[in-house]
Amino acid sequence: MAMAAENVNSATQSVTENANDAVLLARAAARRKERRGGPDSKSGLSMNSLMDMMTIILVFLLKSYGEDPIVVLPNTDVPISIAQVTPEDMTVLTINKEGIFMVRQRVVELEEGRVPGNFKKGGEGGLIIEPLEVALRQEAERQRTFAMATGSTFEGDMTIVADQVTNYRLLVEVMQTAIGADFKRFRFAVIQGDMAHSGRYAGAPQL
Amino acid sequence: MARNSISEAENVNLNPVLNLVLVMIPLLLLSVVFMTISVIEVTMPQRSAGAAPNTGEPPKRLQLFISKQGFTLVKGVSSMPAIDGCASDGPTICLAHPEAELDVDRHNWFALYNMLFDIKSDPDWAMHEQIEIVADPSINFGVLIKAMDVSRYQLVPEADASIATKGKAMGSVMEMNSAVAVLTEVTNDEGAFVKAPLGMFPVVVLGLPTMTQ
């Protein structure tokens, strides 16, 4: 009986010593890590750099998204001009080789730079593009409702962002259709540049 | 086993990757094309709008017709005669480079500017601000924009820009290409003085094209 009790005491002492050793070892390891700089401090540094980078990218993207009231769609070679009037927020209509777009939505598809006759009032010789007229009337109505709600007036302003190869006939058709839908004041979007490059586009062959 | 893999992941050194990314960001930023968008204000009468009331006096209109053959200027009611070097039965200003690849490079902008500047220098036309531009249906938007740039502003060679108070006729195509608009002080809506380009015929009215094409 006494022998058994002695065995238990010795086993308990051994476990306690082992636990103390483990704690000491862990503390020693932690001290070594601290002296080396340790993986914790390394990962902290990496996260800082990453956060800096992400902040820069975020600020850049936010700036480029929030600044321009006019977004130039891909495949639209806007001509250069010496005009320096800053654009304002208004209805933007884009004409490029693929079609006529309102707020990134294609309203009419073009065939070789022309609106097919079946989309126009009066056929091939007509000036009013029917699907565009419907879309513009809806937009005008939406803007009128918004103006009434905010106590302002609907001015019927429109900015046209056109590719430099857009022909005059198509431009006139779009403007006449817009006039029919109560848009009266037009602005052409251009890229600011010098007189030597006026009328050309950014990637045009050299003079 | 799982604990081992976690501690290995914690020990991955991200510094080289981050360094690479930090080098790439300025490179990418440099390759981004920064474009400043501006706008040109234009008006277009409705097709059904009636003719101007007849007052008995000849209308004081300045019209610029753009075709694939060149420019025809109509001052008042009569077309201006063709300039030297152009066929007398053709447009007022014929093409300068008919073989050029881009439409915009074919036209004689230098002659057009000088002719418009001459009209503006005439005391009878000094206060006139409007130009009506009508183009053939096939004329492209780039040509139209250049026509507006040439007719809307009074230009001076870049070297004279800081001292010029009004525009001048251009001496050569090179001078024209490096020309800038004369800036003048105007008051804005808030009553503050701001610099704005001095207009030649700043009000542009677009006309309906002849629907023959």
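Naming: A, B, ... by sequence-line order, numbering from 1 per chain. Just so we're clear, the structure is a prediction, and the values are computed from it rather than from any experiment.
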Min side-chain heavy-atom separation [X]-[Y] under 4.5 Å:
| X | Y | value |
| --- | --- | --- |
| Tyr201(A) | Ile80(A) | no |
| Arg152(B) | Val204(B) | yes |
| Leu73(B) | Leu62(B) | yes |
| Pro197(B) | Gln154(B) | no |
| Glu173(A) | Val108(A) | no |
| Asp105(B) | His97(B) | no |

Proximal component of [X], with respect to chain A [non-hydrogen, under 4.5 Å]:
| X | answer |
| --- | --- |
| Val39(B) | both |
| Leu206(B) | both |
| Ile40(B) | both |
| Ile66(B) | neither |
| Met148(B) | side chain |
| Glu41(B) | both |

- Answer yes when Lys120(B) and Asp118(B) have at least one side-chain N-carboxylate O distance shorter than 4.0 Å, and no when they do not. no
- Query: So, Glu139(A) and Arg142(A), do they make that salt bridge, N to O below 4.0 Å?
  - Reply: yes
- Taking Val190(A), Thr166(A), Asp194(A) one by one, which has the highest count of heavy-atom pairs under 4.5 Å against chain B? Val190(A)
Given a strict heavy-atom distance threshold of 4.5 Å, which part of [X] is in contact with chain B: side chain, backbone, both, or neither?
| X | answer |
| --- | --- |
| Ile95(A) | neither |
| Leu171(A) | side chain |
| Val72(A) | side chain |

- chain B contact residues among residues 148-162 of chain A, heavy-atom distance under 4.5 Å: Thr159(A), Ala162(A)
- Is it the case that more than 12 heavy atoms not belonging to Glu185(B) sit under 6.0 Å from its CD atom? yes
- Find the one option among Asn140(B), Val104(B), Asp149(B) whose heavy-atom pairs under 4.5 Å with chain A are most numerous. Asp149(B)
- Query: Would you call the rings of Trp109(B) and Phe71(B) parallel, tilted or perpendicular if under 30° counts as parallel and over 60° as perpendicular?
  - Reply: tilted
Which donor-acceptor pairs under 3.5 Å do side chains of residues 129-138 of chain A form with protein atoms, sequence neighbours excluded?
residue   : atom : partner   : partner atom : Å
Glu133(A) : OE1  : Lys121(A) : NZ           : 2.9
Glu133(A) : OE2  : Arg137(A) : NH2          : 3.2
Arg137(A) : NH1  : Gly180(A) : O            : 3.4
Arg137(A) : NH2  : Gly180(A) : O            : 3.2

